[in-house]
Protein chains: 2
Amino acid sequence: MINELEKIKDSVLLQDIKVEELSSMLGCLRGVIKHYKKGEEVLSQGAEIKKFGLLTEGKLQVVQYDYLGNKSILSIIEPKQIFAEAYAYVNKIPSMNVEALVDSTVLFLDSDKLSSPCQNCCSFHKQLVKNLLFIISNKNVNLTEKIECMAKRTTKEKLLTFLSLESIKQNSKEIYIQYDRQGLADYLGVERSAMSAELSKLKNEGIIEYNKNWFKLL
Amino acid sequence: MINELEKIKDSVLLQDIKVEELSSMLGCLRGVIKHYKKGEEVLSQGAEIKKFGLLTEGKLQVVQYDYLGNKSILSIIEPKQIFAEAYAYVNKIPSMNVEALVDSTVLFLDSDKLSSPCQNCCSFHKQLVKNLLFIISNKNVNLTEKIECMAKRTTKEKLLTFLSLESIKQNSKEIYIQYDRQGLADYLGVERSAMSAELSKLKNEGIIEYNKNWFKLL
DNA sequence: TATAATCCGTTGTTTTTCCAACATACTTTT
DNA sequence: AAAAGTATGTTGGAAAAACAACGGATTATA
């Protein structure tokens with residue numbers, strides 16, 4: 001257990017919480033550690049969620065099957081990240097699965113206990129709540145930005161919206177993006193090759209320059 | 001002040017908080033009431049946000065101007081709803097404005113105070129945090145669902161994804177939707193008339209039936 | 001280093017969407 | 001009930017995106 005805490009003590013969720021407090025936190029939040037083999041289901045569609053997860057080791061993917069049975073990957077969970085937190089707080093049945101991409105270890109924490117601190121109002125509780133609010137709010141802002149891009153009607157506008165948002169975030173006309181072309185196309189909800197063609201056009205029109213992950217707004 | 005509290009005491013944020021506790025809460029969270037004339041700016045782009053708002057009276061709209069200066073309405077805020085809460089918890093400068101559509105009254109609450117309860121750990125704090133987590137998580141789930149719809153490549157798929165999500169939520173093949181055609185088109189990010197045409201096609205193909213706000217999946 | 005695998009851009013064709021304009025139905029007002 | 005306003009459906013042409021297929025470049029691997 002101590003070993004697991006060591007791996008996640010500098011996660012965003014546990015930020016600014018003293019190491020000495022971590023183990024008492026585990027008890028308070030009914031921390032449970034579970035191990036999963038590659039390919040195993042960590043959370044399955046339709047099951048009610050009362051705890052959220054903090055990945056201590058391995059890699060997970062959040063997938064969703066639509067009305068036709070088509071699989072789509074919603075996100076990849078890396079160590080120190082939390083998942084299923086939104087569904088733990090709204091009492092809705094999630095419509096997605098979480099699967100282990102490699103052998104993984106997850107620390108589950110009780111969402112009810114987190115938001116209803118114990119009698120003695122331990123100091124770490126304040127910080128935990130603050131961190132959780134930050135994480136969820138941040139996700140919220142990111143989702144809103146993605147929607148802002150996707151809502152544009154043309155691929156050209158989607159690209160320019162994305163790039164100008166990045167430009168603001170990176171506070172520069174020259175930016176580096178985290179996605180490869182396929183990843184960017186998925187993010188914007190368009191087809192890769194069509195997007196590539198559109199990028200070329202933007203370059204020819206003298207609106208942007210780019211090379212691999214580097215982009216410049218002119 | 002008492003008058004204002006009366007109007008919002010059954011909002012989601014203040015759910016399950018005793019009326020007697022509300023006024024002490026106001027002090028603790030540094031509650032400030034502000035009035036706005038129709039057309040006035042409630043929050044302006046680029047200004048740092050330390051407090052979030054709870055609309056007690058009137059109507060607000062959240063608008064955004066993109067890189068070309070085009071205005072788009074992100075959401076309409078009705079009484080008892082909160083706004084700007086996500087931006088209050090991530091330390092990001094918001095890229096949107098909030099404007100008063102009619103004369104409005106807003107109660108601003110200190111986001112820091114909410115997540116860092118006072119010494120005596122008042123009982124309402126627990127409930128407030130719980131409620132806030134619920135609201136933000138809920139928004140999160142809704143945004144994710146919208147993205148799920150928008151990510152589909154064709155209008156037909158967007159419609160069917162939306163309808164089947166509603167079908168699950170309303171637990172029936174027959175559903176009533178909250179949007180009119182223009183609203184639904186905006187939600188899905190497509191053009192209204194093209195969407196209408198697609199709906200007709202789906203009806204002809206025997207995949208759905210509909211009449212005004214009523215839809216049935218076959 | 002050779003080979004395989006992956007990523008990225010290009011092109012032509014097919015499909016879908018947008019857009020504008022108009023017709024019809026429904027609602028609200030007077 | 002007439003008139004005006006609003007919401008929805010329809011259509012055809014223009015624009016854009018998807019799709020498939022391919023070639024060159026880069027990266028990973030044997």
**Student:** Test for a donor-acceptor pair under 3.5 Å between the base of dA18(D) and the side chain of S193(A), counting only N and O atoms.
**Tutor:** no

**Student:** For E191(B) and dA21(C), give me the distance from atom CD to atom C1', rounded to whole Å.
**Tutor:** 12 Å

**Student:** From CD of Q182(A) over to C1' of dT6(C), roughly how many Å is that when rounded to an integer?
**Tutor:** 11 Å

**Student:** Identify which nucleotide among dG9(D), dT10(D), dC18(C) has an atom closest to any side-chain atom of R153(A), counting heavy atoms from C-beta outward.
**Tutor:**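 Given the options dG9(D), dT10(D), dC18(C), the side chain of R153(A) is closest to dC18(C).
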
**Student:** I want to verify a distance call: between dA20(C), dG9(D), dT11(C), whose nearest atom is closest to the R192(B) side chain?
**Tutor:**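 The nucleotide sitting nearest to the side chain is dG9(D).
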
**Student:** Regarding Q64(A) and N97(A), do their side chains bring together a donor and an acceptor under 3.5 Å, going by distance alone?
**Tutor:**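 The answer is no; no qualifying pair exists.
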
**Student:** For the side chain of R181(B), starting at C-beta, report the closest nucleotide among dT17(C), dG9(C), dT8(D).
**Tutor:**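 It is dT8(D).
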
**Student:** Quick one: which of dC7(C), dC18(C), dA7(D) gets closest to the side chain of D180(A)?
**Tutor:**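 Nucleotide nearest to D180(A)'s side chain: dC7(C).
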
**Student:** Assign each of A197(B) and Y179(B) to its nearest nucleotide of DNA chain D by heavy atoms, then name whichever residue's nucleotide is nearer the 5' end.
**Tutor:** Y179(B)

**Student:** Do the two ring centres, one from Y187(A) and one from F162(A), sit under 6.0 Å apart?
**Tutor:** yes

**Student:** Would you indicate, yes or no, if dC8(C) has its OP1 or OP2 atom less than 4.0 angstrom from a side-chain nitrogen or oxygen of K203(A)?
**Tutor:** no

**Student:** Any side-chain N or O of T155(A) under 4.0 Å from OP1/OP2 of dA17(D)?
**Tutor:**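 Looking at the OP1 and OP2 atoms of dA17(D), one of them is under 4.0 Å from a side-chain N or O of T155(A).
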
**Student:** Note the angle between the end axes of the helix from dT1(C)-dA30(D) to dT30(C)-dA1(D), five pairs defining each, rounded to 10 degrees.
**Tutor:**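 The end axes of the helix from dT1(C)-dA30(D) to dT30(C)-dA1(D) are about 50° apart, to the nearest 10°.
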
